[in-house]
Q: 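My questions all concern the structure below.
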Amino acid sequence: MESKYNPTDIEARWYQYWLDNKLFHSEVPGDQAQGTESKQAPYTIVIPPPNVTGVLHMGHVLNETIQDILVRRARLEGKNACWVPGTDHASIATEAKVIKRLKEQGINKSDLTREQFLKHAWDWTDEHGGIILKQLRKLGCSCDWDRTAFTMDETRSKAVIHVFCDLYRKGLIYRGLRMVNWDPERQTALSDEEVIYHDEHSKFYYLRYKVAEPGVTNPETGADYAVVATTRPETIFGDIAVCINPKEEKNQWLRGKHVIVPGVGRVIPIIEDRYVEIGFGTGCLKVTPAHDVNDYALGQKYNLRTIDIFTPDAHLNMDTVEPELQPNVRKYHGMDRFDCRKQIVEDLRAMDLVEKVEDYDNKVGYSERTNVPIEPRLSLQWFVRMQHFADIALPPVMNDDIVFYPAKYKNTYRNWLENIKDWCISRQLWWGHRIPAWYDADLLAQTGLEDYPEDKILVCEEDPNQMVNGTCPNGKWVQDEGALDTWFSSWLWPISLFDGIEHPDNKEINYYYPTADLVTGPDIIFFWVARMIMAGYEYLGKMPFKHVYFTGIVRDKLGRKMSKSLGNSPDPLDLIERYGADGVRMGILLSAPAGNDILYDDSLCEQGRNFCNKIWNCFRLVKGWEVNDQMVNDQMVNAQAIAWFEAKLGETEAEIADLFSKYRLSEALMAIYKLYTDEFSGWYLEMIKPAYQQPIDRPTYEATLAFFDRLLRLLHPFMPFITEELWQNIYERKAGESIMIATEHDNETATRRQRDDNETVLQAVENLKEIVSGVRNIRASKNIPPKESLTLCFAGADTYAYADLLRKLANVDLANDCTNANAAKFIVGTVEYAVPLDKFINVDEELKKLEADLAHQQGFLRGVMAKLSNERFVQNAKPEVVELERKKRSDAETRIAALQSAIQALKG
RNA sequence: GGGCGUUUAGCUCAGCUGGUUUAGAGCGUCUGCCCUACAAGCAGAGGGUCUGCGGUUCGAAUCCGUAAACGCCCACCA
């Protein structure tokens with residue numbers, strides 16, 4: 001065996017072995033297992049489906065590693081673990097990629113029919129789709145690949161269409177003309193959740209709106225105009241009124257008047273509404289109902305017309321402006337909205353219609369996907385009524401039927417549900433599930449889409465033109481052009497993966513649902529988590545999962561989000577190549593407590609790799625020993641070591657179980673890490689290690705292999721590859737055996753029974769370790785090599801239970817009394833230990849050390865005495881606390897006395 | 001503008017309902033070691049008035065109040 005662990009071949013080999021032996025595969029227990037007690041408990045996780053054309057990034061590594069740990073742990077606990085993988089069609093993101101590729105080939109989307117475009121999209125999906133799933137295998141993910149699903153495959157698509165029709169019939173889906181968030185780049189509506197607001201330094205433009213009535217002037221300034229402040233001067237072409245607050249003193253002179261939109265010439269009325277905030281800006285608000293949500297509301301209230309001045313890609317469309325005003329505005333036709341903003345301000349300035357321009361900080365909404373400023377736009381869209389869903393989804397989280405880790409996200413969740421708005425689910429895209437709504441072709445031709453009567457819309461699962469005895473009164477039906485929001489399929493994921501929408505009582509859904517844990521980022525708590533809970537209760541009357549583990553965001557070590565543009569995101573496959581999958585898994589997990597952002601640094605993977613190497617070498621050491629069946633010497637030492645490590649291992653196993661139950665995975669891994677490096681490797685193996693080229697006795701060897709077996713199983717969920725490799729080599733294994741399913745917990749009950757004994761053993765060995773450290777400390781400070789034997793004197797040395805271990809570990813002889821005054825001394829517990837060192841001792845140094853220790857002890861004693869001499873403490877504190885303080889006092893007094901006599905002796 | 005969270009060693013974090021020998025871990029730092037399992041290692045050491053202030057209590061990193069800094073989420077002041 002090499003002295004360094006080399007992961008590459010080993011990982012590939014075992015992953016293939018696991019696949020060959022179908023160890024990731026899960027099935028509903030067969031009918032032969034009818035008896036309830038033989039029915040294996042399920043443990044289910046559904047993967048948050050990555051974008052079908054995506055590639056693995058560090059966020060995935062974190063997320064999928066956590067899921068794999070949970071799944072592998074459950075499998076080792078004997079559960080029927082099922083981790084369902086799949087991908088998401090990600091309509092807007094994928095469509096953008098396809099369009100970009102077509103463009104590179106010189107093809108415009110607008111030149112293609114829907115069918116042609118979809119052909120290209122499917123080609124792309126088949127070509128690049130699932131790359132990310134292949135990458136997950138490199139990480140060691142134990143997904144049941146036989147179940148791989150896609151949000152647009154047949155089962156999932158049917159579920160989506162079914163749910164749309166069902167909700168429409170229940171009155172929970174409606175079509176309406178609303179102000180929506182419009183993405184001018186992709187030319188589609190977005191939901192509120194897909195808009196991200198950024199702070200911006202922009203300008204506040206104060207524009208002059210001349211009063212139409214001649215002779216009317218501002219009584220204070222004499223000006224014949226009203227001043228309107230706006231951040232968006234390019235929208236003045238759509239101005240339809242100016243609104244003032246009826247209570248605002250300074251604008252009273254404008255009541256009932258009209259003003260002229262600057263540079264446009266439209267005469268518009270002054271209207272009055274309390275919505276306008278007194279004291280903000282000039283108190284005059286321009287009302288542009290087609291391009292602002294609030295203005296739209298005002299427009300509705302006062303029955304104002306809307307003038308939509310933008311094309312779908314947010315260029316100026318002057319055709320909508322009145323014919324008589326065309327000469328004034330024609331030059332802006334076809335301009336980009338931001339170019340127009342500059343131009344109109346310049347032009348108005350030239351006409352002396354700009355009062356002033358101020359700096360102004362505001363928030364601008366951007367499209368999450370295309371990163372262009374969204375445009376509020378009036379359009380006909382489909383919506384889900386959300387109040388009903390909020391009502392069914394709030395209670396289970398608030399009363400912890402579904403538990404969030406960390407719990408703080410309960411607040412976020414509640415806040416959103418209590419202020420829920422309807423969900424815009426239609427998108428003007430082709431890649432996605434097409435909305436199953438049909439319009440009568442003849443009627444549509446007469447009315448147009450906007451005025452098409454609501455009650456003549458046909459919503460049904462199948463194409464009405466194909467139906468044999470369809471409900472179509474006559475002629476042809478035309479399908480709605482829109483597709484559905486991707487999340488409208490994602491919210492069904494835990495159900496549709498088991499075909500639970502169309503067949504809600506099937507064997508699989510009944511067995512696997514509700515799933516156990518959901519692992520995801522808090523950024524999609526509204527997009528996905530909340531909506532899955534809604535769908536779960538609506539369609540199965542049950543929660544979709546019992547626990548939600550929110551991961552943090554992976555950042556670089558400077559705390560910056562990882563992004564392509566910063567180039568600070570390492571390629572996970574490259575990391576796996578350099579550190580091994582196990583090393584990367586450990587690296588990403590180490591400082592990732594639930595909900596905390598993780599500051600990623602390569603050095604963490606390095607620590608993971610080093611740990612692998614450590615384990616590898618422990619194994620090398622043990623397997624390198626020659627075993628002697630006749631040997632019985634060293635029994636005392638080894639028996640004590642085994643008893644101690646047995647206790648230590650049992651203690652840590654319990655600790656790990658507790659940490660898992662709290663989803664504190666990084667702490668669990670750290671506990672295992674310390675168990676291996678400190679306790680097992682640093683102490684246990686040193687205790688039992690035979691002298692150079694000496695054999696080891698059979699019982700000790702077997703006990704050590706058994707420990708190794710348990711240690712590997714404990715670590716396996718975190719580091720699957722190296723643990724499988726070593727586990728396979730501890731003993732002869734049969735074909736098809738694997739650590740993945742090594743569920744036996746041999747010594748656990750025995751360990752539990754002896755808990756009290758264990759406590760004694762653990763404490764005794766901790767004491768032993770401190771004595772050994774004391775001696776090593778003296779060696780280090782005096783430059784005495786470990787090979788040189790020393791004498792250690794302390795009271796009761798001749799009856800000390802761990803004398804042999806102490807001799808072996810510290811390389812010392814023991815004596816009861818120290819006759820040599822020149823000795824280095826230290827205290828463990830209340831016992832004084834002395835190492836005679838006449839040729840090395842430096843009296844001044846020793847004195848200094850002892851006096852520092854004495855001062856510390858005396859300070860400590862003062863603190864204890866302060867408490868004990870306080871009557872109120874003795875009266876009020878719990879008796880055991882007082883008792884403890886008394887013990888502290890007597891211990892401290894003993895130590896002080898010992899130190900003082902040691903100092904005396906040195907000075908002596 | 002609301003709401004939530006964080007602030008403990010150089011870095012990243014534990015420390016749950018106040019009392020466990022006057023605060024712990026990993027990494028990093030410093031010192032000494034290539035001692036045949038491992039230098040991707042071993043042994044040892046140093047390092048914190050627990051963000052400030054005030055309060056409750058016999059006792060506060062821990063509970064309450066307050067200030068500051070940072071972070072996140074939500075919200076239609078043009």
Side-chain angles (χ1 to χ4, degrees), chain A residues 1 3-5 179 197 204 228-232 243 275-277 280-282 284-288 292-297 360 362-363 376 406 408-412 414-416 419 522-523 525-526 553 557 559 579 583 590-593 595-599 601 603-604 606-607 609-625 662 664 666-667 670-671 673-674 681-682 685 689 692-693 773 776-781 783 785-787 829 856-857 859-864 866-867 870-878 880-882 884-885 887-889 891-892 895:
Chain A
M1 266 172 100
S3 74
K4 289 192 170 36
Y5 171 61
M179 192 62 93
Y197 289 88
F204 217 14
V228 173
T230 179
T231 52
R232 300 205 59 194
C243 191
Y275 165 75
V276 177
E277 192 179 318
F280 183 86
T282 62
C284 296
L285 171 72
K286 75 189 202 65
V287 182
T288 320
D292 184 279
V293 187
N294 304 306
D295 293 13
Y296 181 66
Y360 187 70
N362 66 342
K363 295 213 173 213
K408 65 176 177 183
Y409 288 112
K410 277 168 79 172
N411 286 321
T412 311
R414 186 181 64 200
N415 205 280
W416 188 68
N419 298 289
D523 50 331
I525 183 170
F526 308 136
I553 294 167
K557 65 175 169 182
Y579 302 108
L590 262 188
S591 49
N596 278 25
D597 284 358
I598 92 147
L599 301 188
D601 185 58
S603 70
L604 293 167
E606 210 170 292
Q607 196 185 345
R609 179 200 58 181
N610 294 356
F611 182 41
C612 286
N613 207 46
K614 184 78 190 170
I615 304 164
W616 182 257
N617 278 293
C618 287
F619 184 82
R620 240 169 31 106
L621 173 68
V622 173
K623 287 304 262 192
W625 286 331
K662 295 171 181 153
R664 305 178 75 147
S666 55
E667 282 177 58
M670 184 49 73
Y673 175 75
K674 283 193 270 189
S681 169
L685 290 180
K689 193 178 188 174
Y692 181 53
Q693 286 194 329
S773 291
R776 286 176 181 166
N777 194 349
I778 289 171
R779 285 184 192 279
S781 61
N783 273 319
K787 274 191 241 173
H856 178 258
Q857 293 298 340
F860 174 71
L861 181 61
R862 267 197 300 278
V864 176
K867 277 190 190 176
N870 181 336
E871 263 178 53
R872 291 200 285 176
F873 169 73
V874 182
Q875 277 168 15
N876 295 331
K878 279 181 279 184
E880 54 273 29
V881 174
V882 178
L884 186 72
E885 290 303 312
K887 172 129 181 8
K888 281 190 201 170
R889 176 179 62 187
D891 284 358
R895 271 171 296 174

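Letters A, B, ... are given to chains in the order of the sequence lines, protein chains preceding strands, and every chain is numbered from 1. Every value quoted in this text rests on a predicted model; they were computed, and no experiment measured them.
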Q: Look at all strands and tell whether Tyr296(A) reaches a base, only sugar-phosphate, or nothing, counting heavy atoms closer than 4.0 Å.
A: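 Since no nucleic acid heavy atom lies under 4.0 Å of Tyr296(A), the category is nothing.
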Q: Answer with base, sugar-phosphate or nothing: what part of the nucleic acid does Val293(A) contact at a heavy-atom distance below 4.0 Å?
A: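 Here Val293(A) touches no strand at all.
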Q: Could you check whether Arg895(A) pairs with Asp891(A) (Lys NZ or Arg NE/NH1/NH2 to Asp/Glu carboxylate O, under 4.0 Å)?
A: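 No, no charged N to carboxylate O under 4.0 Å.
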Q: Is a donor-acceptor contact shorter than 3.5 angstrom present between the side chain of Arg895(A) and the base of U21(B)?
A: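 For Arg895(A), whose side chain was compared with the base of U21(B), there is a donor-acceptor pair (under 3.5 Å).
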Q: At less than 4.0 Å, is any side-chain N or O atom of Asn411(A) found next to OP1 or OP2 of C73(B)? Yes or no.
A: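 For C73(B), OP1/OP2 do not have a side-chain N/O of Asn411(A) under 4.0 Å.
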Q: So, does Lys623(A) get its side chain near the phosphate of A37(B), meaning an N or O under 4.0 Å from OP1 or OP2?
A: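 Answer no for this pair, as no side-chain N or O of Lys623(A) is under 4.0 Å from OP1 or OP2.
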Q: Side-chain N or O of Asn876(A) versus OP1/OP2 of C58(B): is the shortest distance under 4.0 Å?
A: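 Looking at the OP1 and OP2 atoms of C58(B), one of them is under 4.0 Å from a side-chain N or O of Asn876(A).
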Q: How close do Leu685(A) and Leu621(A) get, heavy atom to heavy atom, and via which atoms?
A: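 For Leu685(A) and Leu621(A), the tightest heavy-atom pair comes out as CD1-CD2, 4.1 Å.
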Q: Look at all strands and tell whether Asn777(A) reaches a base, only sugar-phosphate, or nothing, counting heavy atoms closer than 4.0 Å.
A: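 The answer is sugar-phosphate, as Asn777(A) gets under 4.0 Å only of primed atoms, P, OP1 or OP2.
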Q: Mind checking Val276(A) for me? I need base, sugar-phosphate or nothing, with any heavy atom below 4.0 Å counting as a touch.
A: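 Answer is base: heavy atoms of Val276(A) come under 4.0 Å of a base.
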Q: Name the nucleic acid region contacted by Tyr360(A), choosing base, sugar-phosphate or nothing; use a 4.0 angstrom heavy-atom cut-off, strictly under.
A: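 Sugar-phosphate, backbone atoms only, no base.
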Q: With heavy atoms under 4.0 Å as the rule, sort Tyr673(A) into base, sugar-phosphate or nothing.
A: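 Result for Tyr673(A) = sugar-phosphate.
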Q: What nucleic acid atoms does Leu285(A) come within less than 4.0 Å of, heavy atoms only: base, sugar-phosphate, or nothing?
A: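 Base, at least one base atom sits under 4.0 Å.
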Q: Give, for atom OG1 of Thr230(A) and atom CZ of Arg232(A), the distance between the pair rounded to the nearest 0.5 Å.
A: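 These two atoms lie 8.0 Å from each other.
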Q: For the side chain of Ser773(A) and the base of A43(B), is some donor closer than 3.5 Å to an acceptor across the two?
A: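 For Ser773(A), whose side chain was compared with the base of A43(B), there is no donor-acceptor pair (under 3.5 Å).
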Q: When you compare the ring of Phe280(A) with the six-membered ring of C77(B)'s base, are the centres less than 5.5 Å apart and the planes under 30° from each other?
A: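 The base of C77(B) is stacked with Phe280(A) (centres under 5.5 Å, planes under 30°).
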Q: Students often get this wrong, so: under 4.0 angstrom with heavy atoms, is Lys363(A) touching a base, only sugar-phosphate, or nothing?
A: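 Counting heavy atoms under 4.0 Å across all strands, the contact made by Lys363(A) includes a base.
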Q: Students often get this wrong, so: under 4.0 angstrom with heavy atoms, is Lys674(A) touching a base, only sugar-phosphate, or nothing?
A: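 Sugar-phosphate, backbone atoms only, no base.
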Q: If you look at every strand shown and take non-hydrogen atoms under 4.0 Å, does Asp891(A) touch a base, only sugar-phosphate, or nothing?
A: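 Touches a base.
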Q: Check every strand shown and say whether Arg609(A) touches a base, only sugar-phosphate, or nothing at a heavy-atom separation below 4.0 Å.
A: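 The residue Arg609(A) makes base contact.
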Q: Are the side chains of Trp625(A) and Lys689(A) in touch, meaning some heavy atoms are under 4.5 Å apart?
A: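 Counting from C-beta outward, Trp625(A) and Lys689(A) do come under 4.5 Å.
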Q: Quick one: the side chain of Lys614(A) and the base of C38(B), do they pair up donor-acceptor inside 3.5 Å?
A: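 Yes, a donor-acceptor pair under 3.5 Å.
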Q: Ignoring hydrogens and geometry beyond distance, is a side-chain donor-acceptor pair present between Thr288(A) and Lys286(A) at under 3.5 Å?
A: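 Note: Thr288(A) and Lys286(A) side chains meet the donor-acceptor criterion.
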Q: Reckon Gly859(A) touches a base, only the sugar-phosphate, or nothing at all at heavy-atom distances under 4.0 Å?
A: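 The answer is base, as Gly859(A) lies within the cut-off (heavy atoms under 4.0 Å) of a base atom.
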